[in-house]
Amino acid sequence: MRKPFICGNWKMNKTLAEALAFVNEVMPRTAAIEKIDVGIAAPFVQLAGLAPLCRKAKIRLGGQDCYWKESGAFTGEISAPMLRDVGCQFVIIGHSERRQFFGDSDEWVNQKVAAARKAELDVILCVGETREQREKGVTNQIVVGQIQGGLKNMAIEQLANIVVAYEPVWAIGTGLTATPAQAQDVHKVIRNEIARLYNDDAANSMRILYGGSVDPNNVKELMAQEDIDGALVGGASLVTQKFLALCSYND
Ligand code: PGA
């Protein structure tokens, strides 16, 4: 009942020409996919150019972050209404690289989630522990804290448009994937927390994606876990053949 969602996160990669060539190449296959949602979060400067192609390719298009103000003197920032205006359907918020390198706190993440929903963008809210936190045995507390912080004051009606991505920081771009069982454990903790904060229906219908070195070789086993509803994929989503293999994990 939860439709799987495979989403590429291109991070700071590709020129516009490369991005357009990518979507043109995958389009014949992605346009025919019905059973899963497919998305790409591209760099800001590619979004306007990609939007018409992505519509044809049935690829949901997203930004990788947004600022919480709608407009104004915030040099270098991009607002949620601006993303919506150029044809985005969603935005990633709270990615660990934003938290680590750019200072995004739970409070900022929360304001960004609210701004995105106000602009009618769907949200992929990222959470995940660092290696030290896992070694200290505080993974669940960290992830639960990020869920509580990110969703603070969020009305239950908003949850249908919010997806959570669990991405252990130690597994991102490192080739180290959480084992399917490790990922499933944390996904369950997240779903239980949504049930506690809201209710069982909201928890059972929320999609929770796994991210961290997902590739065509491990996607099937991850997706077989009860509480894993999709994948947020960095490195492997940059290569057309790997992206298509991920999108057809179920064939
Ligand atoms: P990775 O990145 O697939 O390259 O590990 C995932 C992410 O950061 O979203």
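In each ligand, atom 1 is the first atom listed, and ligand 1 is the first ligand listed.
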* To do: Quick one: do Glu107 and Lys152 satisfy salt bridge (charged side-chain N to carboxylate O under 4.0 Å, His left out)? Show the steps, please.
  => CA-CA 9 Å; Glu107 198 174 284; Lys152 196 166 161 208; over 6 Å; no
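Scanning the protein for heavy atoms near atom 9 (O) of ligand 1, the closest one is Glu167 OE2, 2.7 Å. Among protein heavy atoms, the minimum distance from atom 4 (O) of ligand 1 is reached at Gly235 N, 2.8 Å. Protein heavy atom closest to atom 6 (C) of ligand 1, with residue, atom name and distance, is Gly234 N, 3.4 Å.
Between Val144 and Gln141 there is no side-chain heavy-atom pair separated by less than 4.5 Å.
The two residues Tyr166 and Glu129 make their nearest non-hydrogen contact at OH-OE1, 2.8 Å.
Considering backbone and side-chain N/O of Gly211, none are found under 3.5 Å from N/O of ligand 1. In terms of polar-atom proximity, Thr174 is not counted as a contact of ligand 1, lacking any N or O under 3.5 Å from an N or O of the ligand.
In this structure, Gln64 contributes its side chain and Ala41 its backbone to a donor-acceptor pair below 3.5 Å.
Numbered from 1 in the order shown, with element, the atoms of ligand 1 that lie under 4.0 Å from a heavy atom of Gly173 read 1 (P), 4 (O), 5 (O). Those atoms of ligand 1 that come under 4.0 Å of a heavy atom in Ser213, given as number and element, are 1 (P), 3 (O), 5 (O). For ligand 1 and Ala171, the ligand atoms under 4.0 Å from any heavy atom of the residue are 5 (O). When each atom of ligand 1 is checked for a heavy atom of His95 under 4.0 Å away, the hits are 7 (C), 8 (O), 9 (O). When each atom of ligand 1 is checked for a heavy atom of Asn9 under 4.0 Å away, the hits are 9 (O).
At least one heavy atom of Gly212 sits less than 4.0 Å from an atom of ligand 1.
Look at Arg60 and Asp122 and you find a salt bridge, because one of the NZ, NE, NH1 or NH2 atoms lies within 4.0 Å of a carboxylate O, short of that distance. With salt bridges taken as basic N to acidic carboxylate O contacts below 4.0 Å, none links Asp200 and Arg191. Ionic pairing of Asp37 and Arg207 is present here: one or more N-O contacts between side-chain nitrogen and carboxylate oxygen are shorter than 4.0 angstrom.
No hydrogens or angles considered: nothing links the side chains of Gln184 and Glu226 as a donor-acceptor pair under 3.5 Å.
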